[in-house]
Structures are given as structure tokens and as C-alpha cells.
Visitor: 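Before we start, here is the structure in question, set down as C-alpha cells.
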Amino acid sequence: MEPKNIDHLFRHHYGKMVSVLTRIFGLAHLETIEDAVQDTFVKATLSWEDNPPEHPEAWLTKAAKNRVLDIFRKLNAEKKRVPQIDTGMQGIVLNELFLDDEINDSQLRMIFTACHPNLDSRDRISFALKTVSGFSIKEIASALLMKEETVKKRLSRSRKVIEKAGILFQIPQGKELLPRLESVMEVLYLIFNEGFHSNKPAMLVRKDLCSEAIRLCKLLFKNKATRTGSVYALFALMCFHAARLDTKMDESNELLDLKSQDRSKWYFPLMKLGDSAMNKAVEEAPFSSYHYEAAIAAEHLKAATFEETNWRAILNWYEQLYQLQPMPIHLLNMAVVCLQKSDLHLMRHYLNELKSANLGQRTYLLHATWAEYYLLKDSLPQAIESIDRAIAMVTNKQEKSFLENKRVGMLL
């Protein structure tokens, strides 16, 4: 079997194996379990070159389970800590944990563990990408623009918090469920956004992060208690955005804005899947921020051309979103919508409400929007000054190139 196929298996089955084995052996042994699964894939890489197994996933699961037992035996802990999983009724029960429904349940337990409120909010994404999604430390560092040593520290800190707090490997019940589910959705939303609009200097789109966020969101549908309107709305939002992924860049790897994208290449099956999820999302109130963001994304997909976009409807959705979630980025987006509606008076009102310090890494977008405003007001010197500020602040190469081309267009 080719190394790339083993990598594919690793990415898709690492989380399953870690989750099930954690359910058997407990969160206290999480690091040992992760090492065992890692070792299993190393072994697979060596032994499958000439003789790949007929059922690779089953082989990997059994090998990982046996590897954990080997490690515990070496620690002389088998009699006290390790269940006998090969024989008798205990073996039957434990082997049932590897059935599809039980694997889904174990993965959901791991998602809720990775997104537990006791964990530092900055650590949850790293921990989720490692334990649930099988991303390596190097991949996480690359995706989140962190040093590998920082990722290691965050993973170590998360494990210590889990052990110290005695966090249980379970799906929360009753009143605890909804606030915990909100934490899970927030992490999945951030993972998707990092893929859809990466902060990585050389790469604007990370499809692997987008697809992983969608996969994890789909897992929430596997349990009736986590199959809520907000989860459907989040899934719809991801589908709507992902449908446009292949048109965000041209053949020269240059960024394309919505107006320049080839709408015939938007991926219809994802759009249809998003529509289906959105229909379920609006069956019951109240509506979440994901509902409004999905509604905005849907308006863009409905328009046959950029010129036919219903900007009035989009502004309405943004206004409702801002009432629910008064964030600076929403004000900026409202200003951009006013630009499309040629309502410069309202556009300036929204821009004046914004402060650069509140937008963080997205501050360059504020200056780029001011540049558009000044251009329409025939104030070319101010427009050039604003676009230069944006160019100086942007970190992504494709976005920098996009802004530089826009600056050239201003001077023509």
C-alpha cells in the first residue's frame, strides 16, 4: 500500500481508534493510547508495502488495541488496570464498542472532552485536531500559525487539566448539554473558518480543515440530543461556504472576489445539502448566529450573477446578526454591503463605529474598505493612503497580491 493511502487512513481513522480505546482504558491513559495508535501506523507503513491487509481499518484497530496492552504489560499494570478483552463476556462487551454506532458514540464523547469548558479556550482547537482528527503536531502548528513547541505545550496542558479536574469521557446530559454543545460548535466553527480563510501566509484556503470541520459537525447528527437547530444551521453554513471553495482562487493561485468567481463551478451537491440542513434548522426558534450567517451565505448562492444579489436582504440578516452578536467584523461586513448598495452615508456611519484595535488580524480589511469608500467619493489620495495601509498589514500572500492589483486599478 502506498504511503499516501496510509496517510489517508491515518487521518480518517486515528480519531476513531483513539476515541474507542479511550472509552476502554480511560482518559488517564490518553497519551499512552495516542502513542500506541501512532506506533500502529508506523508498523503499518513498514508491513503493508508488499502485503496490505484485506480490511485495513480492522487491522489497524486490532493492532492498536494490542499495542496498548503490550505497553501496559511492560508497565506491569495489566492485572490492576487493563480489562481482559480477548476472552469471556467482557471480551464480547468490549468488542461491541467497535461497532459503527458505538464508534460514533465514542467520537462524540471525545469531541465533548476536547471542547470541555475547563480547558483553556485557546487550547481546545489544538486538542480537538490532535485527538479527534488525527492531525500531527506539525500540521496543527502549520494550520494555526504556531510553533510546534507551543502546540506540544497546549496538548500537554489539556491532558493535565483533564486528569486534574477528573473530566469524564461522556456526552453531557440534561441542563449541561446545551452550553457544552455551544462550546463544541464554536470550536468546529473556528476550525472551518481557519480552513476557509486561512491566516497562513502562503495559503488562503485549507480544504483539509474545512472537510474535517464538516465531518465532525456531521457526527453531532448521530445523537438525537445533539441534533439541534443550531447544529443544522452550522452545518448548512459550512456547506454553503464549502460549495465555493474551488472558485476562490484562479489557475494562477490569485484570490478571486465574489464578483469574479465562476458561479457555474460552485458545487451544487453541497449547496443542496446545505439547503436541506437549513430547512431543518429553521423548524424551531430561537435562531442562533449560525442561522443568520447561513442565511447570508444562502443569499449569495441564490443570485445567478453578482449584480442580482439581494443586498437589502443580506443587510437585514447582518443587522439581526449584529443585534444577537455585536461583533466588529459584522459592522465591517454591513459597511461592505452598503458599498454594494451605493449607500455611502450609511457605509461611513458603520466604518466610523469601528476601531482598528478591535479587529485584530482583520484590521487590514477595515483600511481596504475605507479605500473603496474614498474611491467612490473621488478622493483618490485618501483611497491610495488607505489601500497602502491595508497592504502593509495583510499577511497572506494571495490577499496582498489582490490588494496590490486593486491599487494598480485605482491609478488607471
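This one's a predicted model, so the numbers in the text were calculated from it and none came from an experiment. The first residue in the sequence is number 1, and the count goes up from there.
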Visitor: Does Lys400 make a cation-pi contact with Tyr364 (under 6.0 Å, within 45 degrees of the axis)?
Guide: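 No; the conditions do not both hold, so Lys400 does not lie above the ring face of Tyr364.
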Visitor: Heavy-atom distance under 4.5 Å between the side chains of Tyr318 and Leu321, does that happen here?
Guide: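 Of all side-chain heavy-atom pairs linking Leu321 with Tyr318, at least one is under 4.5 Å.
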Visitor: Evaluate the criterion side-chain contact (heavy atoms from CB on, under 4.5 Å) for residue pair Glu385 and Arg389; output intermediate values, then yes/no.
Guide: CA-CA 6 Å; Glu385 181 181 349; Arg389 286 179 183 172; 2.9 Å; yes
Visitor: Describe, in one word, how the ring planes of His300 and Trp311 are oriented to each other, choosing from parallel (under 30°), tilted (30 to 60°) and perpendicular (over 60°).
Guide: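 Geometry flag for Trp311 against His300: perpendicular rings.
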Visitor: Going through the checks in order, is the side chain to side chain donor-acceptor pair (under 3.5 Å) test met by Ser288 and His291?
Guide: CA-CA 5 Å; Ser288 66; His291 284 82; 2.9 Å; yes
Visitor: Thinking salt bridges, do Asp123 and Lys153 make one under a 4.0 Å N-O criterion?
Guide: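 No, Asp123 and Lys153 are not salt-bridged.
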Visitor: Kindly compute the distance separating NZ (Lys397) from CD (Glu404), expressed to the nearest 0.5 Å.
Guide: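 Separation between the atoms: 12.0 Å.
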Visitor: Looking only at heavy atoms, what is the nearest atom pair of Leu255 and Met249, with distance?
Guide: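 So the minimum-distance heavy-atom pair works out to N-CE, 3.8 Å.
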Visitor: Where is the tightest heavy-atom contact between Met334 and Tyr322, given as atom of each residue plus distance?
Guide: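 Looking at all heavy atoms of both residues, the closest pair is SD-CB, 4.0 Å.
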Visitor: With a 6.0 Å cut-off (strictly less than), is the heavy-atom count around CD of Gln325, excluding the residue itself, greater than 12?
Guide: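 More than 12 heavy atoms, drawn from other residues, nucleotides or ligands, come within 6.0 Å of this atom.
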Visitor: Output the distance between atom CD1 (Ile329) and atom CG (Leu366), rounded to the nearest 0.5 Å.
Guide: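 Here the rounded value is 9.5 Å.
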Visitor: Atom CZ in Arg215, atom SG in Cys217: separation rounded to 0.5 Å?
Guide: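 One gets 11.5 Å once the value is rounded to the nearest 0.5 Å.
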Visitor: Given Gln340 and Thr309, is the side-chain contact (heavy atoms from CB on, under 4.5 Å) satisfied, shown in steps?
Guide: CA-CA 9 Å; Gln340 301 303 332; Thr309 305; over 6 Å; no
Visitor: Do Thr226 and Phe112 have side chains that approach each other closer than 4.5 Å (heavy atoms only, starting at C-beta)?
Guide: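 SC-SC contact between Thr226 and Phe112 confirmed.
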Visitor: Is there a donor-acceptor contact under 3.5 Å from the side chain of Thr247 to the main chain of Trp266?
Guide: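 Here the side-chain-to-backbone pair does not exist.
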Visitor: Please tell me whether Glu254 and Ser401 have a donor and an acceptor in their side chains that are separated by less than 3.5 angstrom.
Guide: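 There is such a pair (donor and acceptor under 3.5 Å, judged by atom type) between the side chains of Glu254 and Ser401.
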Visitor: Between Tyr290 and Phe235, does the ring centre distance come in under 6.0 Å?
Guide: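 Between Phe235 and Tyr290, which both carry aromatic rings, the centre distance is not below 6.0 Å.
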Visitor: Looking at Lys341, I'd like to know if its NZ atom is crowded, meaning that more than 12 non-hydrogen atoms belonging to other residues, nucleotides or ligands lie closer than 6.0 Å.
Guide: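 Counting neighbours around NZ of Lys341, more than 12 heavy atoms of other residues, nucleotides or ligands fall under 6.0 Å, so yes.
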Visitor: Between Tyr189 and Glu293, do the side chains contain a donor N or O and an acceptor N or O under 3.5 Å apart?
Guide: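 Judged by distance alone, the side chains do pair up.
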Visitor: How many angstroms lie between CZ in Arg109 and CG in Leu168, if you round to the nearest 0.5 Å?
Guide: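 Reported value, rounded in 0.5 Å steps: 10.0 Å.
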Visitor: Any side-chain heavy atom of Val20 sitting closer than 4.5 Å to one from Glu102?
Guide: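 No, too far: nothing below the 4.5 Å cut-off.
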Visitor: Which heavy atom of Ser106 sits nearest a heavy atom of Phe169, and at what distance?
Guide: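 So the two residues come closest at O-CZ, 3.5 Å.
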Visitor: So among Lys16, Lys224, Arg23, which one has a salt bridge (Lys or Arg N to Asp or Glu O under 4.0 Å) with Asp105?
Guide: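 Looking at Lys16, Lys224, Arg23, the match for Asp105 under the salt bridge (Lys or Arg N to Asp or Glu O under 4.0 Å) is Arg23.
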Visitor: If you measure from CZ on Phe127 to CZ on Arg154, what distance do you get to the nearest 0.5 Å?
Guide: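 Here the rounded value is 14.0 Å.
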Visitor: Strictly distance-based, threshold 3.5 Å: is any side-chain N or O of Asn316 a donor or acceptor partner for the main-chain N or O of Arg312?
Guide: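 Not at all, since once roles are kept as given, no pair shorter than 3.5 Å links the two residues.
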Visitor: Counting N and O atoms only, with roles assigned by atom type, does the side chain of Arg159 sit under 3.5 Å from a partner on the main chain of Leu30, one being a donor and the other an acceptor?
Guide: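 No, the answer is negative, given that no donor and acceptor are paired below the 3.5 Å cut-off.
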Visitor: Using only atom types and a distance under 3.5 Å, with no angle test, would you say the side chain of Arg263 pairs donor to acceptor with the backbone of Ala303?
Guide: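 Such a contact is found between Arg263 side chain and Ala303 backbone.
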Visitor: Is a side-chain donor or acceptor of Ser126 paired with a backbone partner of Val151 at a separation under 3.5 angstrom?
Guide: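 Pair absent, no side-chain N/O of Ser126 close to backbone of Val151.
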Visitor: What is the minimum heavy-atom distance between Cys210 and Phe196, and which atoms define it?
Guide: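 So the minimum-distance heavy-atom pair works out to SG-N, 3.3 Å.
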Visitor: Evaluate the ring planes of His241 and Phe192, with Trp represented by its six-membered ring, and classify them as parallel (under 30°), tilted (30 to 60°) or perpendicular (over 60°).
Guide: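 Rings of His241 and Phe192: parallel, as their planes differ by under 30°.
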Visitor: Treating Arg124 as the side-chain partner and Leu119 as the backbone partner, does any N or O pair qualify as donor plus acceptor under 3.5 Å?
Guide: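 Yes.
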Visitor: Can you see whether Asp257 engages Ser260 through a side-chain donor-acceptor pair at a distance of less than 3.5 angstrom?
Guide: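 A pair is found: one side chain offers a donor N or O, the other an acceptor, under 3.5 Å apart.
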Visitor: Taking atom CH2 of Trp370 as the centre, report whether more than 12 heavy atoms of other residues, nucleotides or ligands fall under 6.0 Å from it.
Guide: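 Enclosed: over 12 neighbouring heavy atoms sit under 6.0 Å from CH2 of Trp370.
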Visitor: Using the rule salt bridge (Lys or Arg N to Asp or Glu O under 4.0 Å), only one of Glu212, Glu31, Glu34 pairs with Lys130; which is it?
Guide: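 Considering Glu212, Glu31, Glu34, a salt bridge (Lys or Arg N to Asp or Glu O under 4.0 Å) with Lys130 is found only for Glu34.
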Visitor: Atom OG1 in Thr363, atom CE in Met393: separation rounded to 0.5 Å?
Guide: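 One finds 4.5 Å between OG1 of Thr363 and CE of Met393.
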Visitor: Heavy atoms, side chains only, cut-off 4.5 Å: are Arg180 and Pro117 in contact?
Guide: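 Yes, close enough: below the 4.5 Å cut-off.
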Visitor: Is Arg227 reaching over with its side chain to a backbone N or O of Phe221, donor-acceptor style, under 3.5 angstrom?
Guide: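 Yes; judged by distance alone, with no hydrogens or angles, the pair exists.
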Visitor: Counting N and O atoms only, with roles assigned by atom type, does the side chain of Ser386 sit under 3.5 Å from a partner on the main chain of Ala383, one being a donor and the other an acceptor?
Guide: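 Flag not set: sc Ser386 to bb Ala383 has no pair under 3.5 Å.
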Visitor: Taking it one step at a time, do His367 and Ser356 satisfy side-chain contact (heavy atoms from CB on, under 4.5 Å)?
Guide: CA-CA 9 Å; His367 295 299; Ser356 297; 4.0 Å; yes
Visitor: Less than 4.0 angstrom from a charged side-chain N to a carboxylate O is my criterion; do Glu299 and Lys302 meet it?
Guide: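 Salt bridge: yes.
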Visitor: Taking CZ in Phe306 as the centre, count heavy atoms belonging to other residues, nucleotides or ligands within less than 6.0 Å. Is the count above 12?
Guide: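 For Phe306, atom CZ is crowded (more than 12 foreign heavy atoms under 6.0 Å).
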Visitor: So among Ile171, Ile111, Thr228, which one has a side chain to side chain contact (heavy atoms under 4.5 Å, CB included) with Leu181?
Guide: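 Only match with Leu181 under side chain to side chain contact (heavy atoms under 4.5 Å, CB included): Thr228.
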Visitor: What is the minimum heavy-atom distance between Ala225 and Leu177, and which atoms define it?
Guide: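 Closest pair (atom of Ala225, atom of Leu177, distance): O-CD2, 3.4 Å.
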Visitor: Is it true that a side-chain atom of Thr22 and a backbone atom of Val18 form a donor plus acceptor pair closer than 3.5 Å?
Guide: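 At least one qualifying donor-acceptor pair exists.
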Visitor: Can you tell if the side chain of Asp246 reaches within under 4.5 Å of the side chain of Lys207, non-hydrogen atoms only?
Guide: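 In short, these two side chains touch, coming nearer than 4.5 Å.
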Visitor: If you take all heavy atoms of Ala281 and Gly229, which pair is closest and at what distance?
Guide: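 Reported closest heavy-atom pair: CB-O, 3.5 Å.
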Visitor: For Glu163, I'd like to know if atom CD has over 12 heavy atoms of other residues, nucleotides or ligands within 6.0 Å.
Guide: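 Atom CD in Glu163 is not crowded, with 12 or fewer foreign heavy atoms closer than 6.0 Å.
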Visitor: Is the number of heavy atoms from other residues, nucleotides or ligands under 6.0 Å of Glu284 CD greater than 12?
Guide: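 Open.
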Visitor: Could you check whether any side-chain heavy atom of Leu216 comes within less than 4.5 Å of a side-chain heavy atom of Leu219, counting everything from C-beta outward?
Guide: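 When only atoms from C-beta onward are counted, Leu219 and Leu216 do touch, with a gap below 4.5 Å.
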Visitor: Please evaluate residues Leu188 and Met238 with respect to the criterion side-chain contact (heavy atoms from CB on, under 4.5 Å), reporting the C-alpha separation (whole Å), side-chain torsions for both, the decisive distance (0.1 Å), and the verdict.
Guide: CA-CA 10 Å; Leu188 301 189; Met238 291 180 180; 4.0 Å; yes
